[in-house]
Amino acid sequence: MPLLAQGLPDDEEQYCLVASLDNVRNLSTILKAIHFREYATCVATDNGIRVTVENAKCVQANAFIQADIFREFIIKEESVTFRINFTVLLDCLSIFGSSSMPAGTYTALRMCYQGYGHPLILFLEEGGVVTVCKINTQEPEETLDFDFSSTNVINKVILQSEGLREAFSELDMTSDVFQITMSPDKPYFRLSTFGNGGSSHLDYPKDSDLMEAFHCSQTQVNRYKISLLKPSTKALVLSCKVSIRTDNRGFLSLQYMIRNEDGQICFVEYYCCPDEVSESES
C-alpha cells in the first residue's frame, strides 16, 4: 500500500479539499488534453473537479474528473474555486515521469487545499519516495458562460472517435476554416475545410458504422476557426466516443468520452463560437 494511502501526519482538518489517487497518470492524462493556456480555473464540488481553460473568449475547454475516480475525495464546502498556473501543475504531476521504476509501479497523489489565499499542496509518492509540491493559487476569474443549454440544441451526433480522427487526418487542417454541415437529409453529416489550397469534404451517412446516434431536426451549416479547434485534438486522440452538438446560435459543443487505464470514464468538453454562421437551409 502506498504511504499516502496510510494517511499523512498533518492535521487534515485544516483542509477544505482533499483528493487522493493511486495512479496520478489517470489525472494528468486528462488534464494534458486541455492544456493550451498557461492558467486554468479549478472548481470542486461534491460531484468532483472541473478544470476550465479558455482562449480569446471564443473557445472553452472543460475536463470533468468525477469524485468516484478518486480513491478519497473530501470537500467541506459547497464549492471550492481557485485559479492556478496550469503548466506548473502538470509539471508537478509528472515529477516522477522520467524515473525508471519497474512496470506496474504508479505514482500516488494526495492533493490538499486549505482555502482562499493558500497554495494547492501535492503529495506525490513513488517507490516509497514522497515529494511535496506547493503551488500558489490566485483569485479565480469569472469563466465564460456559453449558455449552451440542451433545450437549445438543434442537432446532435455521436461518433466513434476514430471517425473524427479520420476526418482530421484526411482534411486539410492547414486551412483557416472548418465547416460542419448537419442535416436530416443528405449529406446528413459533412465535415469540410476551406483554405488557400481549395476545399475538401468528408461525408458520413447517418447509418454509418461509426455513427452511434444521429438526431438532426434541421439543416445547419456552421463555420469555425481551425486554430480554435486544433487544441481539442489532444482529447480526441485519447477518447473512444465524441458527441457533436450545435445550438440555435451555431455554437459548437464537442464532448469527448475518455476511458482511463482503470476503465473509469472521464469527460472533456470543448465549446467554440462560430466564425461565420451560414443561413440554415429549409
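The model shown is predicted, which means the values in this text are computed figures rather than measured ones.
Between Y224 atom OH and T246 atom OG1 the span is 6.0 Å, to the nearest 0.5 Å.
Hydrophobic cluster membership differs between V43 and F73, with clusters built from Ile, Leu, Val, Met, Phe, Trp and Tyr side chains linked at under 4.5 angstrom. Hydrophobic cluster membership is shared by F36 and L27, with clusters built from Ile, Leu, Val, Met, Phe, Trp and Tyr side chains linked at under 4.5 angstrom. Hydrophobic clustering keeps I158 apart from Y188 (ILVMFWY residues linked when any side-chain heavy atoms are closer than 4.5 Å, directly or through intermediates).
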S20 and E72: CA distance, side-chain angles, deciding distance, side chain to side chain donor-acceptor pair (under 3.5 Å) verdict: CA-CA 5 Å; S20 300; E72 173 190 33; 2.7 Å; yes
Stepwise ring pair (Phe, Tyr, Trp, His ring centres under 6.0 Å) test for F189 and F214: CA-CA 9 Å; F189 184 63; F214 182 86; 7.9 Å; no
Derivation of the side-chain contact (heavy atoms from CB on, under 4.5 Å) call for I84 and Y113: CA-CA 12 Å; I84 197 165; Y113 179 61; over 6 Å; no
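Note on ring orientation: taking the six-membered ring where Trp is involved, the planes of F168 and F178 are perpendicular (angle over 60°, cut-offs 30° and 60°). Ring planes of F86 and H35: perpendicular class, angle over 60° (limits at 30 and 60°).
There is a side-chain donor-acceptor pair under 3.5 Å between T174 and D172. N23 and D262 share no donor-acceptor pair across their side chains, judged by distance under 3.5 Å alone.
When side chains are defined from C-beta on, N222 does not count as touching L252, because their heavy atoms never get closer than 4.5 Å.
For R83 and Y39, the positive end sits near the middle of the six-membered ring, less than 6.0 Å away and at most 45° from its axis.
Taking the six-membered ring for Trp and the full ring otherwise, the centers of F251 and F148 sit at least 6.0 Å from each other.
The pair R50-E269 does not meet the salt-bridge criterion, since no charged nitrogen lies less than 4.0 angstrom from a carboxylate oxygen.
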